[in-house]
There are 2 protein chains.
Amino acid sequence: MEVLSPQTGASAESLAELLRRGNVFSEKCPSREVLKHVTSRWGVLVLVALLDGTHRFSDLRRKIGGVSEKMLAQTLQWLEADGFVLRVSYPVVPPHVEYSLTPLGRQVGQRVEGLADWIEGNLPQILAAQGGQG
Amino acid sequence: MEVLSPQTGASAESLAELLRRGNVFSEKCPSREVLKHVTSRWGVLVLVALLDGTHRFSDLRRKIGGVSEKMLAQTLQWLEADGFVLRVSYPVVPPHVEYSLTPLGRQVGQRVEGLADWIEGNLPQILAAQGGQG
DNA sequence: CCATACACTAACCTTTAGGTACGTACTTAC
DNA sequence: GTAAGTACGTACCTAAAGGTTAGTGTATGG
């Protein structure tokens with residue numbers, strides 16, 4: 001068992017190690033980017049929404065209160081590039097595009113949903129803790 | 001069972017409902033703010049780091065690769081205000097401050113850690129999915 | 001015939017997360 | 001005597017997230 005110190009920097013060997021396992025505490029680890037997309041403001045909500053099944057663009061937009069078209073498109077592209085979202089476009093007119101989760105996406109989605117659900121369910125306590133600390 | 005439509009807006013009754021349960025999909029729900037802090041770039045890492053036990057400011061800074069002092073302080077204040085982090089300051093010189101998780105904080109921390117761990121563990125597959133989709 | 005829906009893109013603007021650098025008040029180590 | 005460590009606050013700046021508006025091409029509904 002080898003512990004990486006973020007301060008000492010990565011040797012040539014530990015770089016390979018990073019790819020093998022990932023270490024979010026290390027500045028250069030690619031997992032930071034993935035985490036950024038997944039935990040982005042709309043990324044969270046898109047993942048949770050898509051756990052319900054395939055959605056069209058407009059469906060997602062209606063379901064997720066407050067998203068702009070631009071941000072929804074952007075977020076979907078991030079998640080698609082990370083291999084979490086599958087985009088299927090039918091060449092008809094008017095345009096018809098379906099978004100769904102890949103198996104990988106379903107797994108992250110579940111963790112994210114767990115987090116979101118916990119916050120929703122414990123909102124009263126959180127709000128109480130906020131106000132009560134004065 | 002009542003389903004809230006984000007489009008129709010909240011009635012007086014569903015507003016109270018929001019506070020009782022929380023609904024991330026609704027634009028005005030306070031859970032959005034909490035989620036923002038918890039899933040912020042450094043919020044995630046702070047929560048995971050503090051699951052290991054009490055840390056001093058500088059300890060956290062050394063442990064979390066790449067945080068600036070300003071952002072670490074800011075993030076800790078967000079999480080403290082949300083009732084997730086407990087700050088204990090000893091009036092000695094040089095300053096001595098200890099940060100730890102509240103019971104509430106430990107619970108969110110675990111969900112967040114689950115997510116971070118999953119990403120770390122599945123990094124190879126994610127990276128493969130990214131590159132392989134061309 | 002005009003509005004709307006669809007799934008976006010492009011251009012432009014605002015906000016804010018985040019970074020850098022400096023100061024502080026005192027102490028220990030060199 | 002000087003440098004470093006401690007836990008930040010403040011001021012200033014950049015980059016990026018995010019919002020708003022307009023436009024695309026076609027087809028359906030009124």
Side-chain angles (χ1 to χ4, degrees), chain A residues 6-7 24-25 27-29 32-47 49-50 54-82 85-100, chain B residues 6-7 24-25 27-29 32-47 49-50 54-82 85-100:
Chain A
Q7 290 312 299
V24 212
F25 284 129
E27 196 175 351
K28 299 292 185 184
C29 185
R32 286 273 181 100
E33 275 303 296
V34 178
L35 197 63
K36 204 186 213 167
H37 299 154
V38 169
T39 62
S40 71
R41 179 164 181 196
W42 306 116
V44 174
L45 300 177
V46 166
L47 287 172
L50 286 181
T54 299
H55 284 67
R56 296 182 63 172
F57 187 87
S58 300
D59 292 338
L60 282 173
R61 183 152 152 62
R62 271 186 289 270
K63 186 164 187 173
I64 302 174
V67 225
S68 64
E69 296 192 347
K70 177 191 160 187
M71 272 302 114
L72 182 54
Q74 171 96 27
T75 303
L76 285 167
Q77 283 163 13
W78 285 337
L79 296 177
E80 192 194 354
D82 284 340
V85 162
L86 181 69
R87 190 190 110 112
V88 179
S89 172
Y90 300 92
V92 296
V93 62
H96 185 119
V97 180
E98 294 188 345
Y99 291 96
S100 56
Chain B
Q7 291 311 300
V24 211
F25 285 128
E27 196 175 352
K28 299 291 185 182
C29 184
R32 286 271 181 101
E33 276 303 295
V34 177
L35 197 63
K36 205 186 215 169
H37 300 154
V38 168
T39 63
S40 72
R41 179 164 181 197
W42 305 117
V44 174
L45 300 177
V46 166
L47 287 171
L50 286 181
T54 299
H55 284 66
R56 297 182 63 172
F57 187 87
S58 301
D59 291 338
L60 282 173
R61 183 151 151 63
R62 270 185 289 271
K63 185 165 186 171
I64 302 174
V67 225
S68 64
E69 296 192 348
K70 177 192 159 186
M71 272 303 115
L72 181 55
Q74 171 96 30
T75 302
L76 284 167
Q77 282 164 14
W78 285 338
L79 296 177
E80 191 194 355
D82 285 340
V85 161
L86 181 68
R87 189 191 112 110
V88 179
S89 170
Y90 299 93
V92 296
V93 60
H96 185 119
V97 179
E98 295 189 343
Y99 291 96
S100 56

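All chains are named by letter (A, B, ...) in the order of the sequence lines, taking the proteins before the strands, and each is independently numbered beginning at 1.
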Exercise for the section: Ignoring backbone atoms, test whether B:Ser58 places a side-chain nitrogen or oxygen under 4.0 Å from the OP1 or OP2 oxygen of D:dA7. Expected result: yes

Handout entry: Nearest-neighbour nucleotide for the A:Pro94 side chain, C:dA7, D:dA7, D:dA27 considered
Key = D:dA27

Exercise for the section: Work out which heavy atom in A:Ser89 is nearest to a heavy atom in A:Val97; give both atom names and the distance. Expected result: OG-CG2, 3.9 Å

Handout entry: Residues B:Asp59, B:Thr54; criterion side-chain contact (heavy atoms from CB on, under 4.5 Å); working and verdict
Key = CA-CA 10 Å; B:Asp59 291 338; B:Thr54 299; over 6 Å; no

Handout entry: Spacing between A:His96 atom NE2 and D:dA27 atom P, to the nearest angstrom
Key = 17 Å

Problem - Distance below 4.0 Å between A:Gln77 side-chain N/O and C:dT9 OP1 or OP2 - result: yes

Quick one: side chains of residues 32-44 of chain B, donor-acceptor pairs under 3.5 Å with protein atoms, not counting sequence neighbours, listed by atom name and distance.
from: B:Arg32; atom 1: NE; to: B:Val24; atom 2: O; distance (Å): 2.7
from: B:Arg32; atom 1: NH1; to: A:Gly65; atom 2: O; distance (Å): 3.3
from: B:Arg32; atom 1: NH2; to: A:Gly65; atom 2: O; distance (Å): 2.9
from: B:Arg32; atom 1: NH2; to: B:Val24; atom 2: O; distance (Å): 3.1
from: B:Arg32; atom 1: NH2; to: B:Phe25; atom 2: O; distance (Å): 3.4
from: B:His37; atom 1: ND1; to: B:Asp82; atom 2: OD2; distance (Å): 2.7
from: B:Thr39; atom 1: OG1; to: A:Thr39; atom 2: O; distance (Å): 3.3
from: B:Thr39; atom 1: OG1; to: B:Leu35; atom 2: O; distance (Å): 2.6
from: B:Ser40; atom 1: OG; to: B:His37; atom 2: O; distance (Å): 2.9
from: B:Ser40; atom 1: OG; to: B:Gly43; atom 2: N; distance (Å): 3.0

Exercise for the section: Provide, to the nearest angstrom, the distance between the CG atom belonging to B:Leu60 and the P atom belonging to D:dC8. Expected result: 10 Å

Dump the pairs, protein N or O against N or O of nucleotides 17-23 of chain D, anything under 3.5 Å, distances to one decimal.
from: D:dG18; atom 1: N7; to: A:Lys70; atom 2: NZ; distance (Å): 3.0
from: D:dG18; atom 1: O6; to: A:Lys70; atom 2: NZ; distance (Å): 3.1
from: D:dG19; atom 1: OP2; to: A:Ser68; atom 2: OG; distance (Å): 3.4
from: D:dG19; atom 1: N7; to: A:Lys70; atom 2: NZ; distance (Å): 3.4
from: D:dG19; atom 1: O6; to: A:Lys70; atom 2: NZ; distance (Å): 2.3

Fill in the blank from the handout: The reported gap from NZ in A:Lys70 to OG1 in A:Thr75 (rounded to nearest 0.5 angstrom) is 10.5 Å

Problem - Spacing of CZ belonging to A:Phe57 relative to NE2 belonging to A:His96, to within rounding of 0.5 Å - result: 13.5 Å

Exercise for the section: Report yes if at least one side-chain N or O of A:Arg56 is closer than 4.0 Å to OP1 or OP2 of C:dA7; otherwise report no. Expected result: yes

Completion exercise
dist B:Glu98:CD -> B:Arg56:CZ (nearest 0.5 Å) comes out at 7.5 Å

Exercise for the section: Would you mind telling me which residue lines up with the more 5' stretch of DNA chain D, B:Glu98 or A:Val93, judged by nearest nucleotide? Expected result: B:Glu98

Practice task
Using whole Å, report how far CD of A:Glu80 lies from P of C:dA7.
Solution key: 15 Å

Handout entry: Side-chain N,O (B:Arg87) to OP1/OP2 (D:dC8) below 4.0 Å
Key = yes

Practice task
For residues B:Val46 and B:Tyr99, determine if any side-chain heavy atom of one lies less than 4.5 Å from a side-chain heavy atom of the other.
Solution key: no

Practice task
Send over the distance from B:Leu72 CG to D:dC8 C1', rounded to a whole Å.
Solution key: 10 Å

Practice task
Select base, sugar-phosphate, or nothing to describe what B:Tyr90 touches, counting heavy atoms under 4.0 Å on all strands.
Solution key: nothing

